[in-house]
Visitor: 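Take this structure, written in structure tokens, and hold onto it; I'll ask about it next.
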Amino acid sequence: MKMLIPVMTCMLVGGCFKFGDDIHLVAPDVTVSELEEVSRRTGIEFPRGTVGLGYVFMGSGIDDALAIKVVIPGEEKERFLLNELFQSGSREACSIQIGRGQDWWTLERLTNRKDYKMNLPEGRYVECAFGKEGGRWIAFISWMAT
């Protein structure tokens with residue numbers, strides 16, 4: 001009987017938390033909707049012609065997290081790099097890899113790679129590895145709430 005009360009309490013409290021769903025998408029299913037969601041959470045604006053190659057959103061845990069891999073059109077590269085993350089973020093190597101384990105999370109293939117990271121308001125954090133893969137400009141972006 002003594003064990004029943006803590007078990008019931010945990011079940012009641014745990015049942016009160018609302019968690020979202022996890023989402024896993026690959027091209028062509030990564031749409032403007034996912035790019036807009038990444039922009040809303042990270043502050044990164046994507047130039048016209050950006051194509052999503054892979055997207056994962058972890059919403060089923062206590063803290064949300066996401067990762068996306070995008071192609072930035074070559075003629076829009078400089079405009080993309082005007083985002084605050086690239087202007088005032090730290091140039092330390094990326095450490096979190098929300099996308100790790102996804103077939104499309106291929107950071108090791110990047111050449112001319114530059115890494116950026118930044119703390120955001122309200123305990124949020126964003127980082128980006130940007131470079132060339134197969135002749136295309138690629139950005140790997142991770143975001144998490146802490």
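Predicted model only: the values in this text are computed from it and were never measured.
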Visitor: Would you confirm whether Asn83, through its side chain, and Glu45, through its main-chain N or O, come within 3.5 Å as a donor-acceptor pair?
Guide: yes

Visitor: Without swapping roles, check the side chain of Gln87 against the backbone of Leu81 for a donor-acceptor pair under 3.5 Å.
Guide: yes

Visitor: Counting only N and O atoms by type, is there a donor-acceptor contact under 3.5 Å from the side chain of Arg136 to the main-chain atoms of Gly134?
Guide: no

Visitor: Which of these, Val38, Leu120, Ile98, sits in a side chain to side chain contact (heavy atoms under 4.5 Å, CB included) with Trp143?
Guide: Leu120

Visitor: Does Trp137 have Lys77 sitting over its ring (NZ/CZ under 6.0 Å from centre, angle to axis within 45°)?
Guide: yes

Visitor: Please check if the side chain of Glu127 supplies one atom and the backbone of Ser95 the other of a donor-acceptor pair under 3.5 Å.
Guide: yes

Visitor: Look at the side chain of Ser142 and the backbone N and O of Gln97, then say whether any donor-acceptor pair between them is shorter than 3.5 Å.
Guide: no

Visitor: Can you tell if the side chain of Phe46 reaches within under 4.5 Å of the side chain of Ile72, non-hydrogen atoms only?
Guide: yes

Visitor: Are the side chains of Ile138 and Val71 in touch, meaning some heavy atoms are under 4.5 Å apart?
Guide: yes

Visitor: Can you classify the ring geometry of Trp105 versus Phe140 as parallel (below 30°), tilted (30 to 60°) or perpendicular (above 60°)?
Guide: perpendicular

Visitor: Hydrogens and angles aside, do Glu36 and Ser39 bring a side-chain donor and acceptor to less than 3.5 Å of each other?
Guide: no

Visitor: Examine distances only and state if a side-chain atom of Lys114 and a backbone atom of Gly131 form a donor-acceptor pair shorter than 3.5 Å.
Guide: no

Visitor: Are there more than 12 heavy atoms of other residues, nucleotides or ligands under 6.0 Å from atom CD of Glu84?
Guide: no

Visitor: Is the backbone of Tyr125 close enough, under 3.5 Å, to the side chain of Asn119 for a donor and an acceptor to pair up by distance?
Guide: no

Visitor: Is the backbone N or O of Lys132 less than 3.5 Å from a side-chain atom of Asn112, with the two atoms forming a donor-acceptor pair by type?
Guide: no

Visitor: Distance check, rounded to the nearest 0.5 Å: Thr42 atom OG1 versus Ile141 atom CD1?
Guide: 6.0 Å

